[in-house]
A.B. asks: 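Structure below; questions to follow.
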Amino acid sequence: MSQWFGADSYRAIPEAKSVEEAEPELPCPEDLLNWRDAQTVAGVKIRRSPTCVADNPYAVAAFVRGTNNVSQEVLMASGLTPDAVEKGRDLDGDGDPDEIHIRLEVVELNGGSPESSEPSAQFAIAPGITPGFWVFAPKMFGMATENFESVKARAMLRLPSPAIRIEQGDVVKITLENSHYMPHTIHFHGVDHPFVDADGEGNDGVPITSERPVLPGAARTYDLNPRQSGTMFYHCHVQPHVHIMMGLQGLFVVEENRPDNWLQTLNVGAGHVRVPSVAVTERFDREYDLQYLDIDVDLNNRIQTSNDARLITRDMHRRYDITDADSDFFTLNGRSFPYTFRESLLVAKPDERIKLRVVNGGSTGVALHTHGHKVTVTHYDGIEAKPAAQIIRDVVWIASAQRVDLELQTTDDGLHSYGSGIWLLHDHQEKGVTNDGLGPGGNISAIVYEEYLQEDGWPKTQGVDLKQFFTKAYYRKEVPVWESLSQGTFSDPQIDFWLVLRFIGLALSLAIMLALLIRAFIRHKP
Ligand SMILES: [Cu+2]
């Protein structure tokens, strides 16, 4: 246009659009029930949880003593049924129970509801993000939501499925009580178990070799008597490309046999182990269970489309094609950033040894990177590496279903640690640090030294404000990414009114010219 009509005089670029500030959620919700405190419940010494959000200590105590061995008061406060984790006799006479019976149900989170357009039994992985999940869950009394008014799932009903802890040599029964509308099983991956149980029934959880899946409303008990210790895995083996990815998977830890070894049989949501085993406390100051999972919402959100189990079954098992899958969300212990900062921080003091048990439950690998630290890989798939093979790394590759045990040392020697601070811990495949392609998000967490932790469990970040990440608007991609840094500088521009008017004018004159041409052409037709 400037070639034809000459250059325009200078006009200022349009003003920046003002951004409506959304009210952020509290980064660190108040600990109204004092669940974070160190406390003794039913004679069980429960460690302090340094992060904002902590597990219910009554449930922790019931998992240690056995739900059949605690008072009615403790059981009521835990929310568990009396048969959720039953503990029996001490078979080897070393002071701890060796007969363990765990009952697990299957719970749907963020499913469709006929009553509302909102998903029911809600579990948000980040502000406003609620993909559908199925999880194994401890057996609880009452309803799945917080109360009659709330659509939120109760704190114990969450992703990931609980980490299970038993002792080497325990006589373990695990009953799957299928409370869901689809068939499921449990396969114990890497855990020593016979192919068939004492009654000759399938015990491997695999519907194509050993057993019929457990139908809705039915139950099956698996028998285990593991001879080897280590960090293992469990998951549903029915249509595994769908059911594992929906969340039916968890860590399975076989602890070394020690006297008086009272174990926290379930660690709900994985994370900080508040009652670690004797063998772990012999060598380590703290222990964390870490489970990574990536999510393709094209699969997970199919449970929100209807309330007809037949339609959902067809949609998930025949129409969904995992070979076309692409991950949208990346979780650590069931959450994505910024929620990971509430409950998945690895809290440390200088000169500590911390045990990390890591599983990658996802379909792609995890390139786990520790800022400020190099970790020692002590075990792969539950097997201890020989001392010379215990490599020190700052990126650890974890394949699908693989477990690595890591030793995090916080000795400030420039190798194991560079000193105190808030050091990120994340997947170094760049999409892993986004929520649906928007950063920051994904499985970002951090190694935080206690001196960098506020009293309420929030890290003392340096000169940054994470509030805008605690709004749904940010993750709906409505907020310019640097808005909090410098208002207006990097915002979206307003529409340039004059430019639009000029284009409309140009379009109109072209249209008139074209109309005249056509008219002239028609007239001249003989
Ligand atoms: Cu299943």
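Throughout, numbering of the chain's residues begins at 1 and tracks the sequence. Order of appearance sets the numbers: ligands from 1, and atoms from 1 within every ligand.
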A.B. asks: Which residues and atoms, counting only protein N, O or S, are under 2.8 Å from the Cu ion (ligand 1)?
C.D. replies: His184 ND1, Cys236 SG, His243 ND1
A.B. asks: Decide whether Glu407 and Gln390 meet the rule of one side-chain donor and one side-chain acceptor closer than 3.5 Å.
C.D. replies: no
A.B. asks: Excluding sequence neighbours, so at least two apart, what forms side-chain hydrogen bond (donor to acceptor under 3.5 Å, both in side chains) with Arg36?
C.D. replies: none
A.B. asks: List the residues meeting side-chain hydrogen bond (donor to acceptor under 3.5 Å, both in side chains) with Ser150, not counting sequence neighbours, and say none if there are none.
C.D. replies: Glu146
A.B. asks: Just checking, any donor-acceptor pair under 3.5 angstrom between side chains of Asp204 and Ser210?
C.D. replies: no
A.B. asks: Restricting to pairs with a member in residues 127-165, which pass ring pair (Phe, Tyr, Trp, His ring centres under 6.0 Å), not counting sequence neighbours?
C.D. replies: Trp134-His180, Trp134-His184, Trp134-His243, Phe136-Tyr234
A.B. asks: With under 30° as parallel and over 60° as perpendicular, where do the rings of Tyr288 and His272 fit, or are they tilted in between?
C.D. replies: tilted
